[in-house]
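Data block below; observations after.
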Amino acid sequence: MMSFAAFKTPEVEVVGLDVNASDMKLPKVKLMQQTSQEAVKSKGKIVAGQYYNTVTQEATEEIDCILLDQGKSMVMWKRPFKRGEEPLCRSFDGKVKAEGCGDGNCEKCQYSSQNPKAWEIAKEKGETKPGCNMSYVFLALDCKTKMPFRIIAAGASVKTAKDFLNKLLPLGVSPFACKVTLKSHQEENDQGIFYVMDFDNLRPNDECINADGSLNIEKYKELEDMSKTYKSLFMTQIVQNDVIDVDPVSSEESTEAGGLF
């Protein structure tokens, strides 16, 4: 069977395509909650705690994947939260305000969960957390299907994502040098029952390692190029489109670990 591999060399430039994120479908994967519309409408076929692919409409207990890229976002909602309302403030990179009532710098903003002072202000007001909260944005490659997807770790899943990143960063490697398995576990507080993302079985990406233990440069470069391409096409688009797609267990958010999304 003929392959396009011969056309993919450093000497050859890809020309003649004028595309952006609106021209391509990148599946979104969501961790289902009891209030998730997909789970409610499925009449038991899709259950809370599963990962649901919005393109294939399939749900699974876990996803073995390669993380291609990671970013952040910030969003502030009116309280109590109502589905369909526009956010009061948001940032597409977790650093600088894109629009809204914040002061512009997400690390120092009075409403931002990245600012320790904002936690003090929230507690003085009798609130559980600041009004504007951070989420982690991931691009990933499903090891089973070899299809890329996007996923946002929000609410209580921010803590487990942060714990995972604190394991990954000391390794001093790109995300795609690793594999990880997305799972979930159930938690409960006075607001109700909810599911949180788990990042299990962090390990070297064996697809990039030759039989003798050396790095497969060709495969590594392939993932590197994929990471750069998808980040350029989708990272900002992900946040712009998905930042308002939340599934709160209740209208109130819970703890410093995050809201019940």
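At a threshold of 4.5 Å between non-hydrogen side-chain atoms, the residues Ser36 and Tyr52 do not count as touching. The shortest side-chain heavy-atom distance between Lys129 and Ser113 does not fall under the 4.5 Å cut-off. Under the 4.5 Å side-chain criterion, counting only non-hydrogen atoms from C-beta, Pro148 is not in contact with Leu139. The closest side-chain heavy-atom distance from Asn115 to Cys109 is not below 4.5 Å. The shortest distance between side-chain heavy atoms of Ser157 and Val196 falls below 4.5 Å. Tyr51 places none of its side-chain heavy atoms less than 4.5 Å from the side chain of Met32. When side chains are defined from C-beta on, Asp142 does not count as touching Val29, because their heavy atoms never get closer than 4.5 Å. No side-chain heavy atom of Ile151 sits under 4.5 Å from any side-chain heavy atom of Ile63.
Side-chain N or O atoms of Asn210 include none that pairs as donor or acceptor with a backbone N or O of Asp212 at under 3.5 Å. Counting only distance, with no hydrogens or angles, the side chain of Thr181 and the backbone of Asn201 share no donor-acceptor pair below 3.5 Å. Judged purely by atom type and a 3.5 angstrom limit, Ser184 uses its side chain to pair as donor or acceptor with the backbone of Gly49.
Contact detail for Cys106 and Gly94: the closest heavy-atom pair is CB-O, 3.4 Å. Nearest heavy-atom pair across Ala39 and Gln33 is CB-O, 4.0 Å. Heavy atoms only, all atoms of each residue included: Val180 and Leu67 are closest at CG1-CG, 4.1 Å. Residue Ile121 comes nearest to Gln110 through the heavy atom pair CD1-O, 4.3 Å, listed as atom of the first residue, atom of the second, then distance. Nearest heavy-atom pair across Ser135 and Val158 is CA-CG2, 4.1 Å. Minimum interatomic distance between Ile193 and Gln34 (heavy atoms only, all atoms of both residues): O-OE1, 4.1 Å.
The hydrophobic clustering, which links ILVMFWY residues whose side-chain heavy atoms are closer than 4.5 Å, places Ile66 and Ile209 apart. Neither Val137 nor Val96 shares a network with the other; the hydrophobic side chains, linked directly or stepwise wherever heavy atoms of I, L, V, M, F, W or Y lie under 4.5 Å apart, form separate groups for each. By the rule that hydrophobic residues join a cluster once side-chain heavy atoms approach within less than 4.5 Å of another member, Met147 and Leu68 end up as members of separate clusters.
Of the inter-residue distances, the one linking Leu31 atom CG with Met197 atom CE reads 7.0 Å to the nearest 0.5 angstrom. With values rounded to the nearest 0.5 angstrom, Gln57 atom CD is found 9.0 Å from Glu38 atom CD. Leu223 contributes atom CG, which lies 11.0 Å from atom CD of Glu218 (distance to the nearest 0.5 angstrom). Summarising the geometry, atom CG belonging to Asp206 is positioned 11.5 Å from atom SG belonging to Cys178; distances are rounded to the nearest 0.5 Å. Atom-to-atom distance recorded for Tyr111:OH and Cys101:SG is 5.0 Å, nearest 0.5 angstrom. Going from atom SG of Cys143 over to atom CG of Leu141 covers 6.5 Å, rounded to the nearest 0.5 Å.
Among residues two or more places apart in sequence or in another chain, the side chain to side chain donor-acceptor pair (under 3.5 Å) test is passed with Gln186 by Tyr195.
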Would you please test Thr35 and Val40 for side chain to side chain contact (heavy atoms under 4.5 Å, CB included) and show each step? CA-CA 7 Å; Thr35 56; Val40 173; 5.9 Å; no
Glu120/Lys123 under salt bridge (charged side-chain N to carboxylate O under 4.0 Å, His left out): CA gap, chis, key distance, verdict: CA-CA 5 Å; Glu120 296 177 14; Lys123 290 177 181 178; over 6 Å; no
Between Lys28 and Phe149, does the side chain to side chain contact (heavy atoms under 4.5 Å, CB included) criterion hold? Intermediate values first, please. CA-CA 6 Å; Lys28 177 184 178 183; Phe149 64 91; over 6 Å; no
Report the C-alpha distance between Asp103 and Lys108 in whole Å, list the side-chain angles of each, state the deciding distance to 0.1 Å, and finish with yes or no for salt bridge (charged side-chain N to carboxylate O under 4.0 Å, His left out). CA-CA 8 Å; Asp103 67 9; Lys108 299 179 180 180; over 6 Å; no
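For the pair Arg90 and Glu99, the salt-bridge criterion is met [side-chain N within less than 4.0 Å of a carboxylate O]. Ionic pairing of Lys159 and Glu187 is not present here: no N-O contact between side-chain nitrogen and carboxylate oxygen is shorter than 4.0 angstrom. Classification of Lys167 and Asp163 as a salt-bridged pair fails, no side-chain N sitting under 4.0 Å from a carboxylate O.
Side chains of Asp93 and Ser91: a donor-acceptor N/O pair is present below 3.5 angstrom, by distance only.
Counting only residues at least two apart or on different chains, the ring pair (Phe, Tyr, Trp, His ring centres under 6.0 Å) pairs with a member in residues 197-221 are Phe138-Phe199, Phe164-Phe199, Phe176-Tyr220.
Within 6.0 Å of atom NZ in Lys179, more than 12 heavy atoms from other residues, nucleotides or ligands are found, so the atom counts as buried in its surroundings. The 12-atom threshold is not exceeded at NZ of Lys144, counting heavy atoms of other residues, nucleotides or ligands nearer than 6.0 Å.
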